[in-house]
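See structure below.
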Amino acid sequence: MTSPAGVRTLRVIGIGPGDPRQITIEAVDAMTGVDAFFVLEKSSRGKGSTTDTLIGVREQICDRHLGAGNYRFVEVVDPPRRSDPDDYDAEVRRWHDERATRIEDALRAELADDGVGAILVWGDPGLYDSTLRIADAIVERGRVPLQIEVVAGVTSASALTAAHRILANRIGEPILVTTGRRLADTPPGIDTNQIVMLDADCTFRHTAAPDDHIWWGAYLGTPHEILISGTVGDVGDRIAEERARARAEHGWIMDIYLLRKP
């Protein structure tokens, strides 16, 4: 797609859970010709830091598919967000608005009027990620003429079921995709198969029955991949312990699980 004269392009590209082999051909094509990749990360970057590690994973992806030195990263400092605000939704909206401002400023400073920028999004941009909301906010403000292009990515949910060699549901059953924060709010009757993301507290230990089955995975598709499955009563504590250990060892963790009623 070619943008009109004087209009910058921002490509929002899904890159899967982190393994360079999980990048689609469409994503590689979209990465080609990008003038700058914008990376929104926390300010602390040093050897072994979470920021350094996550940027390093993106660099590995670009090295593999574009060649070392054939790309440019622009790091944008992620604004802080309160972890336990009185009004969660309002705090997230404030945070997204500040993110949009910082990315907008970077686009203006780092791209020519008809330049092409990109943001590499973990998993798929359409599933529990804020990048498209932020991009839409920039477009709505109208201060930077901007065209948005979106490339789907392998989701962590599909990577999880593939790694465990399972289906996400049994015959005719629904699937609910939710977060750890909302897990306790799942109404009875639609909690048969729950794919749960963003659960740093292993909330399933407090909401699930001991005989509910769980398939958990972290660093899916990478050399650090960890897979655990069994009933919550049998493996729940083990998952929590393994998660804490792995996060301490690597400085970051991306995990997901499927929770199923018997």
Side-chain angles (χ1 to χ4, degrees), residues 13-28 53-54 57-58 60-61 64-65 120-129 151-180 182-183 186 188-247 249-250 252-262:
I13 304 172
I15 58 173
D19 185 347
R21 298 173 302 169
Q22 294 171 327
I23 305 297
T24 66
I25 295 173
E26 182 184 11
V28 173
T53 303
L54 292 177
V57 174
R58 292 185 180 95
Q60 291 172 17
I61 289 170
R64 180 180 181 114
H65 297 291
L120 303 179
V121 175
W122 303 114
D124 179 84
L127 184 62
Y128 281 109
D129 185 84
V151 177
V154 174
T155 68
S156 56
S158 57
L160 176 76
T161 54
H164 281 286
R165 301 179 298 280
I166 57 170
L167 294 169
N169 63 308
R170 292 167 294 202
I171 296 174
E173 293 180 342
I175 304 166
L176 175 70
V177 182
T178 188
T179 65
R182 300 301 301 270
L183 186 58
T186 303
I190 62 171
D191 58 353
T192 305
N193 302 286
Q194 297 184 89
I195 294 175
V196 186
M197 312 175 75
L198 305 173
D199 187 6
D201 297 323
C202 295
T203 309
F204 62 85
R205 292 185 296 167
H206 311 295
T207 63
D211 60 346
D212 288 355
H213 204 99
I214 186 169
W215 291 267
W216 176 82
Y219 312 107
L220 292 164
T222 75
H224 303 302
E225 181 177 88
I226 309 169
L227 300 173
I228 299 175
S229 65
T231 65
V232 171
D234 287 339
V235 303
D237 289 342
R238 177 184 162 201
I239 289 172
E241 292 167 3
E242 186 67 12
R243 187 186 193 282
R245 182 205 61 76
R247 191 183 189 286
E249 177 181 348
H250 300 295
W252 65 284
I253 190 167
M254 292 184 184
D255 64 327
I256 184 173
Y257 58 88
L258 168 65
L259 194 62
R260 174 173 294 160
K261 292 292 184 187

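When every heavy atom of Ala152 is checked against every heavy atom of Pro125, the shortest pair comes out as CA-CD, 4.3 Å. The two residues Leu176 and Ile190 come nearest to each other via the heavy atoms CB-O, 3.9 Å. The shortest heavy-atom contact between Gly153 and Asp124 is N-OD1, 2.9 Å. Closest approach of Ala27 to Ile13, counting heavy atoms only: CB-CG2, 3.7 Å. The nearest pair of heavy atoms linking Ser156 to Ile256 is OG-CD1, 3.3 Å.
Atom CE of residue Met254 and atom OG1 of residue Thr222 lie 10.5 Å apart, to the nearest 0.5 angstrom. Expressed to the nearest 0.5 Å, how far CD1 of Ile226 lies from CD of Glu242 amounts to 4.5 Å. Remark: Thr207 OG1 to Leu183 CG distance equals 3.5 Å, nearest 0.5 Å. Between atom CG of residue Asp234 and atom CG of residue Asp237 there is a gap of 10.5 Å, rounded to the nearest 0.5 Å. Here the straight-line distance linking atom CD1 of Ile195 with atom CD1 of Ile175 works out to 5.5 Å at 0.5 Å rounding. In this structure, CD1 in Ile228 is found 14.5 Å from CH2 in Trp215, a value given to the nearest 0.5 Å.
For the pair Asp212 (side chain) and Ala209 (backbone), a donor-acceptor distance under 3.5 Å is present. No donor-acceptor pair closer than 3.5 Å links the side chain of Tyr257 to the backbone N or O of Asp199.
Heavy atoms from other residues, nucleotides or ligands lying under 6.0 Å from CZ of Arg205 number more than 12. Surrounding CZ of Arg238 are at most 12 heavy atoms belonging to other residues, nucleotides or ligands under 6.0 Å away.
Taking 4.5 Å as the limit, some side-chain heavy atom of Met197 sits within range of a side-chain heavy atom of Leu127. Looking at Asp19 and Leu220, their side chains never come closer than 4.5 Å, going by heavy atoms from C-beta outward.
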How far apart are the C-alpha atoms of Tyr219 and His250, what are their side-chain angles, what is the distance that settles it, and do they pass the side-chain contact (heavy atoms from CB on, under 4.5 Å) test? CA-CA 10 Å; Tyr219 312 107; His250 300 295; 3.3 Å; yes
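Remark: Tyr128 engages no residue in a ring-ring contact (aromatic ring centres under 6.0 Å, His included) (not counting sequence neighbours).
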Side-chain polar contacts of residues 162-174 - donor-acceptor pairs under 3.5 angstrom, sequence neighbours left out - could you list them?
| residue | atom | partner | partner atom | Å |
| --- | --- | --- | --- | --- |
| His164 | NE2 | Trp216 | O | 2.9 |
| Asn169 | ND2 | Glu173 | O | 2.9 |
| Arg170 | NE | Glu173 | OE1 | 3.0 |
| Arg170 | NE | Glu173 | OE2 | 3.2 |
| Arg170 | NH1 | Lys261 | O | 3.3 |
| Arg170 | NH2 | Glu173 | OE2 | 3.4 |
| Arg170 | NH2 | Lys261 | O | 2.8 |
| Glu173 | OE1 | Arg170 | N | 3.3 |
| Glu173 | OE1 | Asn193 | ND2 | 2.9 |

